[in-house]
Amino acid sequence: EGLKYLEEHGFRESVDSSFLQFKGFYLIERVFNTHTSRIYKKIFTSASKENKILLNAYYLKYQIHNTMVLVRCYISKEKDIEPYLIGDERRKAKYTKAFEMPNLEDALTYISKKLGFNSEEVLSAHKKGVYELENYLYKKYYEKLMNFKFKYNNLDEKKFFDFIRTYIDLINSRTVIRLKIENIKTLNFKDVYIEGGNLSLGFFEDLASTELTSALNKINEHFGKIERSENSNAISEIDKRISIHKRKGDKILGSVHFGSPFFSLKYLFEVEKEINKLRTILKAKYLGLKESEIRGLIEWTK
């Protein structure tokens with residue numbers, strides 16, 4: 001019934017192209033990823049030559065998503081990777097090809113070269129674990145994005161990159177707290193620190209060297225109080241702070257000019273937010289959660 005409702009409210013092509021071939025979680029992922037891919041394609045097709053440069057830089061985020069899908073599907077021995085991928089058929093083809101390779105190291109080497117990453121560094125991060133690999137890839141992504149030189153009208157750039165800088169600070173904060181809570185001794189924060197935020201490496205190294213409560217208090221001073229910040233749920237509370245910042249993005253980017261590539265990115269942010277809510281609702285229904293439980297899951301993403 002949920003999928004039928006979506007089919008009647010803007011998701012017809014994505015549902016119709018997936019319904020007979022997939023079921024369960026595969027179907028849910030395929031519908032939403034196909035819908036995201038279609039929207040990105042429409043935006044990209046209508047963009048000017050100059051705007052496509054920035055949109056391509058932003059799209060690397062989806063490519064990293066696909067790379068982590070490859071890794072997780074390989075490890076969990078999934079039968080099909082395609083439903084979890086985002087992008088057109090040409091962009092997805094390299095991941096399905098990599099998924100068929102005899103071992104994950106060959107697959108990662110192939111994808112790394114396609115995306116312009118240092119394959120030796122990627123493999124080194126992978127050997128440390130899935131979390132370390134994902135951290136490395138997104139670290140490189142945000143560093144590339146912050147070093148990206150693009151001029152439209154200066155004001156729109158300023159709003160966009162101010163939004164990204166604070167987002168980077170929140171991601172770095174989350175990493176520090178996770179390292180402390182999980183007592184990870186094999187990973188130095190300096191190795192996963194993402195450059196480009198407002199806060200310096202020294203700030204986060206001080207957090208890493210202090211006890212957890214003091215570290216959380218310092219984070220609260222910068223981003224507002226994180227409620228119920230006990231050890232057990234401190235990471236989820238920072239995730240909520242990240243979600244709040246994403247919502248603020250609507251206001252921060254609210255006055256970007258129509259025709260600006262940042263206007264397109266603002267729209268993509270909104271699409272991603274709505275699709276994440278819908279994905280949560282459908283997966284929760286599939287798992288048989290009660291309405292009150294589902295509302296609780298999506299309450300803080302409003």
Side-chain angles (χ1 to χ4, degrees), residues 54-55 57-62 64-65 134-181 189-208 210 214-229 233-257 260-274 276-277 300-302:
L54 179 61
L55 290 171
Y58 178 78
Y59 188 78
L60 181 59
K61 182 181 77 167
Y62 293 123
I64 292 173
H65 161 87
E134 189 168 31
N135 241 340
Y136 169 82
L137 293 175
Y138 280 110
K139 168 184 166 73
K140 291 299 181 184
Y141 166 67
Y142 284 110
E143 288 175 359
K144 283 185 178 183
L145 193 62
M146 292 307 298
N147 290 322
F148 185 73
K149 303 301 181 185
F150 183 88
K151 291 296 179 185
Y152 179 75
N153 67 2
N154 290 327
L155 182 60
D156 286 358
E157 283 92 353
K158 183 179 185 302
K159 290 178 181 177
F160 176 75
F161 286 110
D162 283 349
F163 172 79
I164 295 296
R165 285 189 185 94
T166 300
Y167 187 76
I168 289 172
D169 288 337
L170 284 163
I171 295 297
N172 282 329
S173 299
R174 187 186 192 280
T175 301
V176 167
I177 296 304
R178 178 167 180 175
L179 290 175
K180 294 181 77 65
I181 288 176
F189 174 76
K190 188 175 182 180
D191 296 330
V192 293
Y193 168 68
I194 301 174
E195 297 178 356
N198 295 308
L199 300 174
S200 68
L201 172 61
F203 172 85
F204 292 104
E205 287 182 327
D206 287 344
L207 287 185
T210 190
S214 178
L216 287 171
N217 287 336
K218 287 184 179 180
I219 291 174
N220 288 344
E221 290 174 9
H222 283 274
F223 306 112
K225 182 172 175 54
I226 301 173
E227 299 175 1
R228 301 184 308 280
S229 54
N233 67 4
I235 292 176
S236 66
E237 293 299 333
I238 293 179
D239 284 341
K240 290 181 182 180
R241 186 64 58 200
I242 291 172
S243 178
I244 290 169
H245 179 65
K246 287 181 178 179
R247 294 206 304 273
K248 287 182 179 178
D250 294 344
K251 183 177 181 180
I252 294 169
L253 302 174
S255 59
V256 293
H257 296 71
S260 160
F262 302 102
F263 191 90
S264 298
L265 292 181
K266 173 180 176 289
Y267 175 64
L268 280 172
F269 291 161
E270 293 171 353
V271 167
E272 290 169 2
K273 183 174 65 176
E274 295 305 318
N276 284 338
K277 289 181 187 176
W300 59 275
T301 64
K302 286 183 179 178

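We use all heavy atoms of the structure for the numbers below, so side chains are in, but hydrogens, waters and symmetry mates are not.
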If I compare all heavy atoms of [X] with all of [Y], which pair ends up nearest, and what's the gap?
X    : Y    : answer
S173 : F223 : OG-CE1, 3.5 Å
K190 : K139 : O-NZ, 4.5 Å
E195 : E143 : N-OE2, 3.5 Å
Y141 : Y58  : OH-O, 3.3 Å
F161 : L145 : CE2-O, 3.4 Å
F203 : K218 : CZ-O, 4.4 Å

What's the separation between atom [atom1] in [X] and atom [atom2] in [Y], rounded to the nearest 0.5 Å?
X    : Y    : atom1 : atom2 : answer
I242 : I171 : CD1   : CD1   : 4.0 Å
I168 : I164 : CD1   : CD1   : 6.5 Å
N135 : Y193 : CG    : OH    : 13.5 Å
R165 : Y142 : CZ    : OH    : 14.0 Å

With sequence neighbours left out, the residues meeting side chain to side chain contact (heavy atoms under 4.5 Å, CB included) with N276 are R279
Under a 3.5 Å distance rule, please check whether [X] uses its side chain to pair with a backbone N or O of [Y] as donor and acceptor.
X    : Y    : value
H245 : F163 : yes
K180 : T210 : yes
N172 : I194 : yes
D169 : N198 : yes

Start with the C-alpha distance between Y267 and V271, add both sets of side-chain angles, then the distance that settles side chain to side chain contact (heavy atoms under 4.5 Å, CB included), and finish with yes or no. CA-CA 6 Å; Y267 175 64; V271 167; 3.7 Å; yes
Decide, yes or no, whether a salt bridge links K277 with E274 under the criterion of side-chain N to carboxylate O below 4.0 Å. yes
List the steps and the verdict of side chain to side chain contact (heavy atoms under 4.5 Å, CB included) for F189 and L201. CA-CA 9 Å; F189 174 76; L201 172 61; 4.0 Å; yes
